Number of protein chains: 2
Amino acid sequence: MDDRTARARIRDAAIECFADSGVAGTSVREIAGRAGVSAGLVMHHFGSKDNLRVACDEHVAATIRSQKGSAMGQGAAFDPVSSLRASAGGPPLIRYLARTLVDGSPHVAELVDELVEDAIEYIELGVTTGLIMPSDRPRERAIVLTLWSLGSVVLHEHVERLLGVDMTADLTADPKRSAPYVQAVLDLLTGFITPTTRELLTQAFGDGQETR
Amino acid sequence: MDDRTARARIRDAAIECFADSGVAGTSVREIAGRAGVSAGLVMHHFGSKDNLRVACDEHVAATIRSQKGSAMGQGAAFDPVSSLRASAGGPPLIRYLARTLVDGSPHVAELVDELVEDAIEYIELGVTTGLIMPSDRPRERAIVLTLWSLGSVVLHEHVERLLGVDMTADLTADPKRSAPYVQAVLDLLTGFITPTTRELLTQAFGDGQETR
DNA sequence: TTGTCAATTGAACAGGCGTTCAGGACAGAT
DNA sequence: ATCTGTCCTGAACGCCTGTTCAATTGACAA
């Protein structure tokens, strides 16, 4: 039936549980139950709940990392997260990520940093091919865009409620269904604030370089 | 010293604890300890931990709701969350909100809906005064903008790490310090995607209305 | 002074938690 | 057939959890 090794089954069950209820809200016995093993076996394989959590972090990060880049189509232009959404091995991983982004795992933080670096890279590419407007603070721009995308995933429950779009699924898989989100994003990223307003706010917040 | 009623002290301590470690990660005794009372008194005043959590939800929502609108300056144009950041009674409330946005409280979801409605309203105002570009899907645009702003708050840890900006504090209080974030936002919201790219993606995702 | 009522404590409870451990089951090597 | 080692279980451990409750305090009314 299930030819995964017990260790892998436990790990996957833990990822699902953690994604559903958070780490603190999940007991070792729940995980064992979902994996169809005893609580003792969980300890045998991972030593402690905390170790198991670290193993989950690493596995999720590794999986996403390995499948990243395989889906950097045109959609990636406005959505740095599309790459991991498209092929992260299903919703559980994404939902796990969404949870873990908030309560702070070093492995996931590292993954975020990599997403930012990737974003910087292909935004630069987009600039040279004329798809994206240039900027004189590309790094900051990529960071904010990446975190906005990740934030939408973290708040997927609210996106679902307000817009009916499932941010844990590949947006390009069913374009019609994800249109409300994508269209709004395009609206915002092609000109939400007028140039005059921008100049006003730029002065108010300083233009980045010290001018004094 | 502390002239708050014990009930209020417990509630405030709970908000801090929940903001720090999440609801599941906080024990009643911890809360009692921080409030300087016994665990029994917590139960006496709130009946159960779950009731206490609901009381926190309601108090945070009520506080934010009451102080909202007092700070709808020009900053609100690109930041629907600025109003609650500016005067929500300090970081604890915002951090509590950030936590609760993820593990789903009905009261907080309601609050999000209100923020969206507010955003729709003053974006419309911005359009009439020429500060903001018009859109033919104002609702969706306001939703996404609001969730992006909230997402940045939820991921404040990462914003801090990558950009050095504290999203739990009022951005307008120290413009120089929050400049990296604000400047990037302005970059993105005044034209990130070129018009040609937009047309390309609009076709790919359908333009909202059925055309067939 | 006595009575009343709310605020508050600390001990106690049952149950769940993470973790440990002795031992069973079963494979492959000798 | 016996040994060896790994996988795995179920019972047990001590601790911590949320919750209950009798008892104490202190303020205010009669």
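Please read all numbers here as calculations on a predicted model, not as lab measurements.
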### Query
Closest approach of B/L147 and A/L155, non-hydrogen atoms and distance?
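Minimum heavy-atom separation between B/L147 and A/L155: O-CD1, 3.6 Å.
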### Message
If you define the side chain from C-beta out and look only at heavy atoms, does anything of B/V102 sit under 4.5 Å from A/D103?
### Response
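When only atoms from C-beta onward are counted, A/D103 and B/V102 do not touch, as no gap falls below 4.5 Å.
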For [X] and [N], what is the distance between atoms [atom1] and [atom2] respectively, to the nearest whole Å?
X	N	atom1	atom2	value
B/M43	D/dT17	CE	C1'	11 Å
B/L52	D/dT17	CG	P	15 Å
A/F18	C/dG18	CZ	P	9 Å
A/L41	C/dG24	CG	C1'	14 Å

### Query
In residues 30-40 of chain B, which ones come under 4.0 Å of DNA chain C, going by heavy atoms?
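Under 4.0 Å from DNA chain C: B/V37, B/S38, B/G40.
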### Task
Give, ordered by number, those residues of residues 44-51 of chain B having at least one heavy-atom distance below 4.0 Å to an atom of DNA chain C; if nothing qualifies, reply none.
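Result for residues 44-51 of chain B: B/H44, B/H45, sorted by number.
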### Message
Taking side chain to side chain donor-acceptor pair (under 3.5 Å) as the definition, give me every residue that meets it alongside A/E16, ordered by chain and number, with sequence neighbours left out.
### Response
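Once residues adjacent in sequence are excluded, the partners of A/E16 under the side chain to side chain donor-acceptor pair (under 3.5 Å) criterion are A/R34.
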### Message
Quick one, A/D79 with A/V185, criterion side chain to side chain contact (heavy atoms under 4.5 Å, CB included). Give me CA distance, side-chain angles, the key distance, then yes/no.
### Response
CA-CA 9 Å; A/D79 185 8; A/V185 170; over 6 Å; no
### Query
Among the nucleotides D/dC8, C/dG18, D/dG18, which one has an atom lying closest to any side-chain atom of A/V28?
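Looking only at side-chain atoms, A/V28 lies closest to C/dG18.
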#### Entry: Verdict with reasoning, A/Q183 to B/E140, per side chain to side chain contact (heavy atoms under 4.5 Å, CB included)
CA-CA 8 Å; A/Q183 292 295 339; B/E140 286 74 10; over 6 Å; no
### Task
For side chain to side chain contact (heavy atoms under 4.5 Å, CB included), just list the numbers for B/R161 and B/H156, CA-CA rounded to whole Å, side-chain angles, deciding distance to a tenth of an Å, and then say yes or no.
CA-CA 9 Å; B/R161 186 185 71 247; B/H156 64 92; over 6 Å; no
### Query
Once the angle between the rings of B/W148 and A/W148 is folded into 0 to 90°, is it parallel (under 30°), tilted (30 to 60°) or perpendicular (over 60°)?
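If you compare the ring of B/W148 with that of A/W148, the planes turn out parallel.
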### Message
Distance criterion of 3.5 Å, no angle test: do you see the side chain of A/R29 paired donor-to-acceptor with the base of C/dG16?
### Response
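Between C/dG16 and A/R29, which were checked side chain against base, a qualifying N/O pair under 3.5 Å is absent.
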### Query
So, A/D20 and A/R99, do they make that salt bridge, N to O below 4.0 Å?
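No salt bridge links A/D20 with A/R99.
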